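The block underneath contains the structure these notes are about, expressed in structure tokens.
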Amino acid sequence: MEKIDLRSDTVTLPTPAMRAAMTSAALGDDVYGEDPTVNRLQEMAAAMLGKEAGLFVASGTMGNLVAILAHCQRGDEAMLGHLAHTFLYEAGGISALGGVHSRQIPNQPDGTLALQAILDGIRPDDDHQPITRLVSLENTHNRCGGVALSVEYTRAVGDLAHAHGLVLHLDGARIFNAAVAQGVSARDLAEPADSVTFCLSKGLCAPVGSVLCGSRVFIKQAHRIRKQLGGGMRQAGVLAAAGIVALEQNIDRLAEDHARARCLAQGLARIPGILLDANSPHTNMVFLSLSQEIPYQAEQVAEMLAERGVLVGVVGARRFRLVTHYWIDDRAVEQAIQAFADVLQTAGMSHSLAA
Ligand code: TLP
């Protein structure tokens, strides 16, 4: 049985064009800066994000870690949303490896941090307190439902940060989803940020890697930190080749993933027992919960769905995240809806029998 894997867009396998590019890529030693394919990817990425330079890194987590370590000294404070991926899901790397103190600012439901909350969070010049150095935003915002932040909002945070001598980092793991969903360029979304990471290995379908972009001086520093972290890769052009195909071929098509997420949400919303998050989906993520009548927890429902070939993300006791991507077509969307309907109908029946 072929699996319909909606757990994440990280599960995407490389496309045939990527596999072909990987086998024929020109290679060199990237630690010497001599891999032509890595160099080309870094230049393309920097140009698309409107920055001077780029650095190919192993993952989104490494991109955020390298960026924050390059911006901050030990003991400095980084302001992060309380639902930020860097705060929740990056194993505390900025603190464990960089000695960076993290300060959580409440994320609002639309993924933003209130400007006043950022302002209130900036530390005074006082020897008792850490030095506030950085604000980090996430676009699209994963835990807030895959919601896209606007150019205007990002500019407002950039202006505020810069007026107070802070830097703005943008975790743009899915910045191209944000750009496509809003009909703006990734360059405009990244413009206010001093550094931005984006992932090649999510909706863009490449097998490995992210790119960190910023000024030439910043990237030079980031390059050293990547080496410290063991992230200096040698003939990394085999991976970068797929990243180039990702940027050339897979950005505009993200609109199809967003349209399929809407179809999936509409179909699921009609099934008794499913409560769709308000306004879901914004991009390629559908968030939903089980209503009280369903006598199962999300883990149990996920197991029953898996028996029907549908894999979903469990993100709470009664909550799911479903992510559309390159390998999810219209048929897969229909089958996923049908699998939910079958499982929850069974649940409803066992509930009424028990009642
Ligand atoms: N997110 C993954 C999981 O870790 C939750 C997912 O399935 O969505 N920033 C954001 C906003 C992300 O969503 C992720 C991955 C990362 C950074 C980290 O990227 P990787 O997995 O490449 O380290």
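Keep in mind that the numbers below use all heavy atoms, side chains included, and drop hydrogens, waters and symmetry copies. In this text the structure is predicted, and so the values were computed from the model without any measurement.
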Inter-residue atom distance Glu138.CD - Thr140.OG1, 0.5 Å rounding
7.0 Å
Residue pair Met79 / Ile122, side-chain heavy-atom distance below 4.5 Å:
yes
When you compare the side chain of Ile294 with that of Ile274, does any pair of heavy atoms fall below 4.5 Å?
no
What's the verdict on salt bridge (charged side-chain N to carboxylate O under 4.0 Å, His left out) for Asp76 and Arg123, showing C-alpha distance, side-chain angles and the deciding distance?
CA-CA 11 Å; Asp76 284 352; Arg123 305 273 191 169; over 6 Å; no
Gln249 CD to Asp252 CG distance, which is reported to the nearest 0.5 Å
11.0 Å
Locate the shortest heavy-atom distance separating Ala20 from Thr23; write the atom from each residue and the value.
O-OG1, 2.8 Å
Do you know which two heavy atoms are closest between Lys3 and Ala306, and how far apart they sit?
NZ-O, 4.1 Å
Between Lys51 and Ala45, is there a donor-acceptor pair closer than 3.5 Å when you use the side chain of the first and the backbone of the second?
no
Go through Leu290 and Leu344 one step at a time and tell me if the side-chain contact (heavy atoms from CB on, under 4.5 Å) criterion holds.
CA-CA 9 Å; Leu290 297 172; Leu344 294 185; 4.1 Å; yes
For the backbone of Ala114 and the side chain of Thr112, can you confirm whether one donor and one acceptor N or O come within less than 3.5 Å of each other?
no
Enclosure of Gln129 CD (heavy-atom neighbours >12, cutoff 6.0 Å)
yes
Do the charged groups of Arg40 and Glu248 touch, with an N to O distance under 4.0 Å?
yes
Ignoring hydrogens and angles, state whether a donor on the side chain of Asp194 or His162 is under 3.5 Å from an acceptor on the partner side chain.
yes
Would you find more than 12 non-hydrogen atoms of other residues, nucleotides or ligands less than 6.0 Å from Arg253 atom CZ?
yes
Any side-chain heavy atom of Ile271 within less than 4.5 Å of one from Gln338?
no
State, to 0.1 Å, how close Ser195 and Ala67 come at their nearest heavy-atom pair, and which atoms those are.
OG-CB, 4.2 Å
Step-by-step side-chain contact (heavy atoms from CB on, under 4.5 Å) determination, Gln73 to Ile131:
CA-CA 9 Å; Gln73 301 295 313; Ile131 296 171; over 6 Å; no
Short question: side chain of Ser150, backbone of Tyr153 - any donor-acceptor pair under 3.5 Å?
yes
Which residues pass the side-chain hydrogen bond (donor to acceptor under 3.5 Å, both in side chains) test with Arg260, sequence neighbours left out?
Asp330
Find out whether Arg187 and Leu189 are in side-chain contact, i.e. whether some heavy atom of one side chain is under 4.5 Å from a heavy atom of the other.
no
Report yes if the side chains of Ile251 and Met48 come closer than 4.5 Å at any heavy-atom pair, otherwise no.
yes
Please assess Arg319 against Asp277 for the test salt bridge (charged side-chain N to carboxylate O under 4.0 Å, His left out), listing each intermediate value before the final yes or no.
CA-CA 10 Å; Arg319 201 165 151 70; Asp277 274 19; 2.9 Å; yes
Check whether Leu264 and Val147 end up in the same hydrophobic cluster, where Ile, Leu, Val, Met, Phe, Trp and Tyr are linked by side-chain heavy atoms less than 4.5 Å apart.
no
Rounded to the nearest 0.5 Å, how far apart are CG of Asp188 and CZ of Arg155?
6.5 Å
Please assess Asp329 against Arg331 for the test salt bridge (charged side-chain N to carboxylate O under 4.0 Å, His left out), listing each intermediate value before the final yes or no.
CA-CA 5 Å; Asp329 58 13; Arg331 219 175 115 247; 5.2 Å; no
Check: Arg216 main-chain N/O paired with Glu52 side-chain donor or acceptor under 3.5 Å
yes
Side chains of Leu49 and Ile175: does their closest heavy-atom pair fall under 4.5 Å?
yes
Quick check against the 3.5 Å criterion: does Arg321 have a side-chain atom that pairs as donor or acceptor with the backbone of Val312?
no
Exercise: do Glu43 and Asn39 side chains pair donor with acceptor under 3.5 Å:
no
Under a 3.5 Å distance rule, please check whether His325 uses its side chain to pair with a backbone N or O of Trp327 as donor and acceptor.
yes
Indicate yes or no: at least one non-hydrogen side-chain atom of Gln104 is less than 4.5 angstrom from one of Ser102.
yes
Answer yes if Val245 and Leu204 sit in the same cluster of Ile, Leu, Val, Met, Phe, Trp and Tyr residues linked by side chain heavy atoms under 4.5 Å apart, and no otherwise.
no
Return yes if some donor-acceptor pair links the side-chain N/O of Arg7 with the main-chain N/O of Val314 below 3.5 Å, else return no.
no
Exactly one candidate in Phe340, Phe287, Tyr296 meets ring pair (Phe, Tyr, Trp, His ring centres under 6.0 Å) with Phe320; the answer is Phe340
If the test is side-chain hydrogen bond (donor to acceptor under 3.5 Å, both in side chains), which one of Gln182, His258, Lys202 qualifies with Asn177?
His258
Between OG1 of Thr324 and CE of Met285, what distance do you get to the nearest 0.5 Å?
9.0 Å
Verify side-chain contact (heavy atoms from CB on, under 4.5 Å) between Ser201 and Val208, making sure each step is shown before the conclusion.
CA-CA 5 Å; Ser201 179; Val208 179; 5.6 Å; no
Co-membership, hydrophobic cluster, residues Val310 and Val315, 4.5 Å side-chain
no
Given the rule in the side-chain contact (heavy atoms from CB on, under 4.5 Å) test, do Leu305 and Leu311 qualify, once you have shown the distances and angles that lead to the verdict?
CA-CA 7 Å; Leu305 289 168; Leu311 306 181; over 6 Å; no
Tell me, do Gln228 and Arg226 make a side-chain contact under 4.5 Å, heavy atoms counted?
no
Atom CG of Asp5 and atom CD1 of Ile328: how far apart are they, to the nearest 0.5 Å?
7.0 Å
Show the nearest heavy-atom pair for residues Thr15 and Cys205, with the distance to one decimal.
CG2-SG, 4.0 Å
The single option from Arg74, Arg133, Glu77 that satisfies side-chain hydrogen bond (donor to acceptor under 3.5 Å, both in side chains) with His101 is Glu77
Without hydrogens or angle criteria, can the side chains of Thr154 and Glu152 be said to hold a donor-acceptor pair below 3.5 Å?
no
Taking His282 for its side chain and Gly146 for its backbone only, find out whether a donor-acceptor pair lies under 3.5 Å.
no
If you take all heavy atoms of Ala26 and Asp35, which pair is closest and at what distance?
O-OD1, 3.7 Å
The remaining residues in the hydrophobic cluster of Leu80, counting side-chain heavy-atom contacts under 4.5 Å among Ile, Leu, Val, Met, Phe, Trp and Tyr, are Leu55, Val57, Met62, Leu65, Val66, Ile68, Leu69, Leu83, Phe87, Leu88, Tyr89, Ile94, Leu97, Val100, Leu134, Val167, Leu212, Phe218, Ile219, Ile225, Leu229
Would you name the heavy atoms of Thr37 and Ala25 that are closest together and state the gap between them?
OG1-CB, 4.0 Å
Co-membership, hydrophobic cluster, residues Val184 and Val196, 4.5 Å side-chain:
yes
Answer with yes or no whether the hydrophobic clustering places Tyr326 together with Phe198; edges join I, L, V, M, F, W, Y residues whose side-chain heavy atoms lie under 4.5 Å apart.
no
Side chains of Gln235 and Asp30: any donor to acceptor distance under 3.5 Å?
no
Classify the side-chain pair Asn284/Asp9 by whether it contains a donor and acceptor separated by less than 3.5 Å.
yes
With rounding to the nearest 0.5 angstrom, report the CZ to OG1 distance, Phe176 to Thr283.
14.5 Å
